[in-house]
Amino acid sequence: MPVICWFRRDLRLTDHRALYAAAEASAGAVIPVFILDDAILHDGYVGAALTAVTLAMLEALNHDLQQLGSRLIVRHGQPLAELQRLVSETHASGVYWNRDYLPYAIKRDTAVKQWLREQGLQAHSFHDSVLVEPEGLKTKTEQKPYLVYGSYVKRWSELAYHQAEQLVPAPSKLVAPPSDLASLPIPALADLGFDLQQTIPQVGEALAQQRLAQFFDRRRELSVLKYAEAREVPAEAGTSQLSVDLRMGTISIRQCLKQAVDLLTEPLTAEQRQGVDTWIKELAWRDYYTQLIYHNPHMLNGSLDPRYDQIEWRNDPTEFAAWQQGQTGYPIVDAGQRQLNQMAWMHNRVRMISASFLIKDLLIDWRWGERYFMRKLCDADITANNGGWQWAAGSSGPSAQPYFRIFNPIAQSKKHDPHGQYIRRFVPELANVPDRYIHEPWTMPPALQAHLGCVIGRDYPAPIVDHGLARERALNAYRTALQTSE
DNA sequence: CGCAGGTTGAC
DNA sequence: TCAACCTGC
């Protein structure tokens, strides 16, 4: 009897635990299924970029399945109902899938599991998308979920490294689903009601493998060995570029860690080791936020620490629009937002600067920014995005120290984009502005502005807030909120 | 209980 | 130093 393998955010064949187990259990008679779910597609968070990327990954997955003699069965509807239909059409003995940890997914999967059990069918879910599952690591003394990243990561490594030794291969061959089993064509983006105005990366398992291999190719100028420093320079391609692949699972997280662990066994300089260690810690952040939200689901709707929900945001819609469009007058912020709007991606350092600016300088509710990023990013991930925004807002975790965390957009710009290369790439109005003015172009003498054809207020916006004043305003708003909610 | 530490900073 | 808190052992 065949077995259904239900693909969700794991659009690959290599080191896919549910697929591997399904193939073993059925001697290759796997029905590979992806269900387009309107509850996700139209939840107001999912945007054109992530949807486009997902559709392209489905095309690639279907292609790769065909190489193994199979094909992807695509359905569109409510997942439980679609699976019920598929089970009856295929007489499958059960459904296999990799676990997901957000409330919606848990509820959905629990209902599926319950129905399968009632029917006497197999329901097998697998630990796959994270290195350490949310229930897999608790504090020593009280067996409670961790709140502090530092404490979490200390004990994460050993468990994670163990997972990196547990890879499974892609099936070498699959039995084709019955030829009369219906499958929808993979839809075009427009058919789902999306209009993509951004460029998106090329995707698919083969490309994900290529990106991973390149990042770990020590002969390359910007490999993981330089990551610790290169990742802080938005003008350079010093990051792994794997966020979109980790979002939708075109690469396995275990394979990612395995590469790093293997590299650490080679002779490395302290700086090179630092690069690899830093990258591993980024993988730990992913697991950390997954377990933080799993155990504190209210943070999907508000601050982890509810005292921060008392902040009186200004929420000025004109300023929000200026931020969205990259018209704040702060070049590093505008470059970041324009990179996002054009490329459906923003360098992580700039995400932090831009988030801090929206929250602290404009005093706009971090959830507005969170939602905008979700809709624009091709790697949009509720967990990582929510965690990142809460971190920027200082509302996440007990080490929140808003007094320390008001980024100075000018100082950040000078530090991380000293020659303005990144700024000039995305803010062409400033292309000819000399280095000494590129971070704060409003300080240019008027004669120079006229000479360069870059008059502030005409060719490029004047800053919409004064950072010094905005900083004091934010400190007051935070102080007031924390005092009144005692 | 006491104590160390707290991703990414700014002034 | 800011200002002075919470986690986790």
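In what follows, chains are A, B, ... by sequence order, proteins preceding strands, each numbered from 1.
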Spacing of the P atoms in C:dA3 and B:dA4 (rounded, Å)
23 Å

What is the distance from CD of A:E472 to C1' of C:dC2, rounded to the nearest Å?
12 Å

Look at the side chain of A:W285 and the base of B:dT7, then say whether one donor and one acceptor between them are separated by less than 3.5 Å.
yes

Could you check, using the six-membered ring where one of them is a Trp, whether A:W389 and A:Y372 have ring centers closer than 6.0 angstrom?
no

Please state how far atom NZ in A:K144 lies from atom C1' in C:dG8, giving the value in whole angstrom units.
9 Å

Please state the P separation for the pair C:dT7 and B:dT7 - nearest whole angstrom.
13 Å

Proximity to the side chain of A:Y146 - top-ranked nucleotide from C:dT7, C:dC9, B:dT8
C:dC9

What's the OH-P distance between A:Y288 and B:dG6, to the nearest Å?
13 Å

d(CH2, A:W391; P, B:dT7) in whole Å
9 Å

Identity of whatever pairs with B:dT7 - Watson-Crick or G-U, under 3.5 angstrom:
none

Taking C:dC9, C:dG8, B:dT8 as options, the one with an atom nearest any side-chain atom of A:E232 is B:dT8

Complementary nucleotide of C:dA4, counting Watson-Crick and G-U pairs under 3.5 Å:
none

Whether A:H16 and A:F7 hold their rings parallel, tilted or perpendicular, with breakpoints at 30° and 60°:
tilted

Strictly below 4.0 Å: does A:N348 bring a side-chain N or O up to OP1 or OP2 of B:dT8?
no

So what does A:E142 hit on the nucleic acid, given a heavy-atom distance under 4.0 Å: a base, only sugar-phosphate, or nothing?
nothing

Select one nucleotide: of B:dT8, C:dC9, B:dA10, the one nearest the side-chain heavy atoms of A:R405.
B:dT8

Can you tell which of C:dC9, B:dT8, B:dA10 lies closest to the side chain of A:N408?
B:dA10

Regarding the side chain of A:K140, the nearest nucleotide among B:dA10, B:dT7, C:dC9 is C:dC9

Has A:Q412 got a side-chain N or O lying under 4.0 Å from the OP1 or OP2 atom of B:dA10?
yes

Nearest heavy-atom approach of A:V244 to A:M57 is O-CE, 3.6 Å

A:Y289 OH - B:dT8 P separation (whole Å):
11 Å

Expressed as a whole number of angstroms, how long is the span from A:F407:CZ to B:dT7:P?
13 Å

Taking CZ from A:R471 and P from B:dA10, how many angstroms apart are they, rounded to a whole number?
10 Å

Separation of the C1' atoms in B:dG5 and C:dA4, to the nearest angstrom
14 Å

Considering only heavy side-chain atoms of A:T139, the closest of B:dA10, B:dT8, C:dC9 is C:dC9

If you check every side-chain atom of A:S151, which of B:dT8, B:dA10, C:dG8 has the closest atom?
C:dG8

Quick note, A:Y149 side chain, CB onward, closest among B:dC11, B:dT7, C:dG8 is B:dT7

Does anything in residues 362-370 of chain A reach DNA chain B, meaning a heavy atom under 4.0 Å, and if so which residues?
none

Looking only at side-chain atoms of A:R349, point me to the closest of B:dT8, C:dC9, B:dC11.
B:dT8

Between A:W156, A:Y294, A:W391, A:Y149, which is the residue that forms a ring-ring contact (aromatic ring centres under 6.0 Å, His included) with A:Y288?
A:Y149

In the structure I gave you, are the side-chain heavy atoms of A:V465 and A:R473 within less than 4.5 Å of one another anywhere?
yes

Classify A:Q143 by what it touches in the nucleic acid, base, sugar-phosphate, or nothing, heavy-atom distance under 4.0 Å.
nothing

Keeping the roles fixed (side chain from A:R99, backbone from A:S129), state whether a donor-acceptor pair exists under 3.5 Å.
no

Test side-chain hydrogen bond (donor to acceptor under 3.5 Å, both in side chains) on A:D37 and A:Y104 and set out the steps.
CA-CA 12 Å; A:D37 181 354; A:Y104 172 77; 2.4 Å; yes

Taking NE2 from A:H467 and P from B:dA10, how many angstroms apart are they, rounded to a whole number?
8 Å

Per salt bridge (charged side-chain N to carboxylate O under 4.0 Å, His left out), A:E429 is matched among A:R424, A:R338, A:R458 by A:R338

Per A:M352 side chain, nearest of listed nucleotides B:dC11, B:dT7, B:dT8
B:dT8

From CE (A:M248) to CG (A:D10), nearest 0.5 Å:
8.0 Å

